[in-house]
Undergrad: 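Have a look at the structure that comes next, please.
Sequence lines set the chain letters: A, B, ... in the order given, protein chains first and strands last, and positions in each chain run from 1.
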Amino acid sequence: MQGFDRLHREVQRWIRDEGWTGLRPIQSRAIDTVLGGETDVIISAATAAGKTEAAFLPLLSRVAEREDEGLSILYVSPLKALINDQHRRLDGLCERLGLPAVRWHGDAPAGPKQRLLKTPAGVVFITPESIEALFLRRSAEVPRLFGRIDAVVIDELHAFLQGPRGLHLACLLRRIELATGQRPRRIGLSATLGDPVAASIWMNPTAPERVVLIEDAAAAINIHLQIRGYLEPNETCASRDGGEVEEPRTALDDIADHAFGVLRGDNHLFFASSRRNVEALADGLRLRSEAAAVPNEFFPHHGSLSRELRETLESRLKAAALPTTAVATTTLELGIDLGGVKSVAQLGAPRSLASLRQRLGRSGRRKGAPAILRVYVRERSLVGAAGPLDALRPETIRAVAAVRLLLQRYVEPPRSGVGLATVAIHQILSLIVERGGVSAGGLFNALCGAGPLVNLDRDLFLALLRGMGDPAVRLIEQAPDGQIMLGELGERLTSNREFYAIFDTDEEWTLRHGVRALGQIPISNVLFVGSVLAFAGRRWRVTGVDDRAKVLNVEPHRAGRLPLFERQSVEPLGDRLAQEMRSVYLSQDLPAYADPAATALLQEGRDAFAAYDLMRHAVLADGPDTHLLLWRGGAMNSVMAVALRAMGAETEVHDLGVTLAQTVPDRARALLESVAAQSPSVSDLSGYVANLSEAKFDAYAPPDVLRRLWEIRHGASVAELSKLAAGAAHAIDMAPPLHLHST
DNA sequence: GACCTGCTGCGGTATG
């Protein structure tokens, strides 16, 4: 067994006692690297390949003989449930080596934490938020607790590569180094790395080339998959006579029928995107069990359900004594080992390959067993109110495009830079609490300079500090000697326990028409006066945006119903998936993994694409509106929408592109030509984005700073605008009349 | 028509 001999004797004994017949390839390869050097390491391998042990067997071998006081290994995880899982896996081994292994998160027992503070030793399994709490409430203990760490293990590394939480953790690790004067090596674990370079930069921003990447040898993807097509029935009114209202049958009913037939009797995961879908599907499956007089084995799992309900379901899946299907949102996508899950089903086409890969990793964990994936796709009936975007059958096309990219092993790179201002504000406040007053230079050096917030240059940093000290804000204030202290609001925020996490629990915007509040909606895309959105079954035009109060003033836009194309999308699509969709339209092959209905829908989508002449044209007339189809991801579509808005158009962003409301193709062409001719710069455009604040503390940042950060993030997209607009304007034309058949 | 993630310290009372 390669590498085995170099492990600590007690670790070797533990491996034998566990009944292992050998080390996995990734484990053998990790032993030499981890035992040998002091470098940072990324271990990237499929779920259940044994990454945890690949890191811990050599790390524990190194620290087993350590005599001096001090914590040896800091393990960080994004999930409490994962901490409990990993602790369970490693506790026995640690005990045999005489090393305490302590879980440290909000629900973990307090006793072991107290003992660890008294005598730091062994391994601690912790969340970023609990590290933050240590800095805020026990800063005096930090140097002694973390002063002798050999290695920091970051589990689910990909979860920290984009968004504010990853920046937050990077700042916390940097602050541990500053507080202790040591830089422990970092070991990252991940199953889905879209961009190893980005991961290396996160691990070691000053010397990313020195991070060693240990990747699992690319085994062939062993997968059985099927795309199943379903057509929504015609939109008909339920009969009202006789007092009984019969629910019209939907595509979801047909999907539930099929799933009930194929999933009963074993363990499966069914990902259904939204809580509403999850509840509807789980309910439909339960009703079918009742109708068939068999025990129900289908249960919902999502973030609004109590922890008790969720954990009961998780243990039922793990125990595998009773057949169980969890119908879930993304809650079961990450982390904990669910045991023998036989297949994964998904409602709707995948929106990202990173997520699809992660979900697939939950099945086929048993040696030699293939992963099984079923994608259930729904499309609209073309009878009646449907429009040309429906005729393109975008869900079916996206499902095929996603499978193609899956087989190519493509994973999206992380979207960087989100939440920079928020993390800076948060960490400035936390550093002041930790140190009891800091100079502006000290703050800059800790976070920006050689720290993780490099994109915040000196000018932006000072502008941010000035904004925080504004008498109307009072997050911070400056003592006569120049030291920066907490202001009144800073005191209040940092003393609240909601301060520990860098993310907010769902912030929703209030939609207001005159004095009347229409309700609450979450908004993730760019918004400005003139945006059109759908709510409560109507279309509304935004007439005012109050970013701080999160209020949108709206007025009715057009009389009538919801727009019929795919709505302003949620998780933005990546460029590569959008491009692959175009290539699916342009090719002829009918994949064997599509069932007859999906095959028919695929063919319909291609026929429509050809009928609209979309291989040559980027625009498509639709009644009074014009669609602009760029075959780019959400980021580029949003930037194009901002540019068109700057030229005076009313726009809406969706998965297929940008829709110009109440705009005929001639005018759309003129607008695109203006964009091409004027070639707007980022600073020309950023003023048209009204909802610049998008993370927890952004509202306390000066608008100019947020604008500048938007410009930095979107500079590359804006640089492409002019060429893209010129190309789109060039081939503009009216769509020919369409004759469509309905299946 | 989004989804997910996280949480200290203290004082009171009950229990073994």
Undergrad: Roughly, in whole Å, what's the span from CZ in R103(A) to C1' in dC7(B)?
TA: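 It works out to 16 Å between those atoms.
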Undergrad: So, OP1 or OP2 of dC3(B): does either fall under 4.0 Å of a side-chain N or O from T331(A)?
TA: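 Answer is no, no contact under 4.0 Å.
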Undergrad: Mind checking what makes salt bridge (Lys or Arg N to Asp or Glu O under 4.0 Å) contact with E129(A), not counting sequence neighbours?
TA: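 Partners of E129(A) by the salt bridge (Lys or Arg N to Asp or Glu O under 4.0 Å) criterion, ordered by chain and then number, come out as R165(A).
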Undergrad: Taking salt bridge (Lys or Arg N to Asp or Glu O under 4.0 Å) as the test, write out the residues that go with D85(A), two or more places apart.
TA: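 In terms of salt bridge (Lys or Arg N to Asp or Glu O under 4.0 Å), with neighbours along the sequence ignored, D85(A) is linked to R88(A), K318(A).
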Undergrad: In whole Å, I'd like the distance from the NE2 atom of H654(A) to the C1' atom of dA2(B).
TA: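 The distance from NE2 of H654(A) to C1' of dA2(B) comes to 18 Å, rounded to the nearest Å.
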Undergrad: Between side-chain atoms of residues 106-118 of chain A and protein atoms elsewhere (two or more places apart, or another chain), which donor-acceptor pairs fall under 3.5 Å?
TA:
| residue | atom | partner | partner atom | Å |
| --- | --- | --- | --- | --- |
| D107(A) | OD2 | K80(A) | NZ | 2.8 |
| D107(A) | OD2 | R307(A) | NH1 | 3.4 |
| K113(A) | NZ | H105(A) | O | 2.9 |

Undergrad: Take atom CZ of R378(A) and atom P of dG1(B), then tell me their distance rounded to the nearest Å.
TA: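 R378(A) atom CZ is separated from dG1(B) atom P by 11 Å.
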Undergrad: Kindly write out the residues that satisfy salt bridge (Lys or Arg N to Asp or Glu O under 4.0 Å) with E141(A), not counting sequence neighbours, or none if the list is empty.
TA: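 For E141(A) the salt bridge (Lys or Arg N to Asp or Glu O under 4.0 Å) partners, ignoring immediate neighbours, are R138(A).
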Undergrad: Using a 4.0 Å cut-off on heavy atoms, which residues in residues 164-175 of chain A reach DNA chain B? List them by number, or say none.
TA: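 Under 4.0 Å from DNA chain B: R165(A).
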Undergrad: Could you tell me the separation between the CD atom of E279(A) and the P atom of dG1(B), rounded to a whole number of Å?
TA: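 In whole Å, dG1(B) P lies 14 Å from E279(A) CD.
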Undergrad: Write down the distance between CD1 (I131(A)) and P (dC7(B)), rounded to a whole number of angstrom.
TA: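 In whole Å, dC7(B) P lies 11 Å from I131(A) CD1.
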Undergrad: Could you work out which one of dC3(B), dC7(B), dT5(B) sits closest to the side chain of K80(A)?
TA: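 Of the candidates, dC7(B) comes closest.
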Undergrad: What is the separation between atom CG on L252(A) and atom P on dG1(B), rounded to the nearest whole Å?
TA: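 Answer to the nearest Å: 13 Å.
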Undergrad: Identify, with sequence neighbours excluded, every residue that meets ring-ring contact (aromatic ring centres under 6.0 Å, His included) alongside H301(A).
TA: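 Once residues adjacent in sequence are excluded, H301(A) has no partner under the ring-ring contact (aromatic ring centres under 6.0 Å, His included) criterion.
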Undergrad: Output the rounded distance in Å from CD (E156(A)) to P (dG6(B)).
TA: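 Atom CD in E156(A) sits about 12 Å away from atom P in dG6(B).
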Undergrad: Test of understanding: with side-chain contact (heavy atoms from CB on, under 4.5 Å), list the residues that count as partners of A421(A), not counting sequence neighbours.
TA: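 Checked A421(A) against side-chain contact (heavy atoms from CB on, under 4.5 Å); matches are D698(A), A701(A), L706(A), L709(A).
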Undergrad: Between the protein and nucleotides 8-15 of chain B, which nitrogen or oxygen pairs are less than 3.5 angstrom apart?
TA:
| residue | atom | partner | partner atom | Å |
| --- | --- | --- | --- | --- |
| dT8(B) | O4' | Y500(A) | OH | 3.0 |
| dT8(B) | O4 | R497(A) | NE | 3.4 |
| dG9(B) | OP1 | R138(A) | NE | 2.9 |
| dG9(B) | OP2 | R138(A) | NE | 3.4 |
| dG9(B) | OP2 | R138(A) | NH2 | 3.4 |

Undergrad: Rounded to the Å, how far apart are L347(A) CG and dA2(B) P?
TA: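 It is 15 Å, rounded to the nearest whole Å.
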Undergrad: Consider the side chain of T330(A), meaning its heavy atoms from C-beta on, and name the nucleotide among dC3(B), dG1(B), dG6(B) that approaches it most closely.
TA: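 Ranking dC3(B), dG1(B), dG6(B) by closest atom to the T330(A) side chain puts dC3(B) first.
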Undergrad: Do F270(A) and F299(A) have ring centroids that are under 6.0 Å from one another?
TA: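 Aromatic pair excluded; centres sit 6.0 Å or further apart.
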Undergrad: Between dT5(B), dC7(B), dA2(B), which one does the side chain of R310(A) approach most closely?
TA: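 Selected nucleotide: dT5(B).
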Undergrad: Give the intermediate values and the outcome of side-chain contact (heavy atoms from CB on, under 4.5 Å) for residues L630(A) and M640(A).
TA: CA-CA 9 Å; L630(A) 301 170; M640(A) 180 61 87; 3.9 Å; yes
Undergrad: Please identify each residue that fulfils side-chain hydrogen bond (donor to acceptor under 3.5 Å, both in side chains) with S355(A), with sequence neighbours left out.
TA: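 S355(A): side-chain hydrogen bond (donor to acceptor under 3.5 Å, both in side chains) contacts with E333(A), R359(A).
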Undergrad: Quick check on DNA chain B: between S274(A) and N496(A), whose nearest nucleotide comes earlier from the 5' end?
TA: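 Its nearest nucleotide being more 5', the pick is S274(A).
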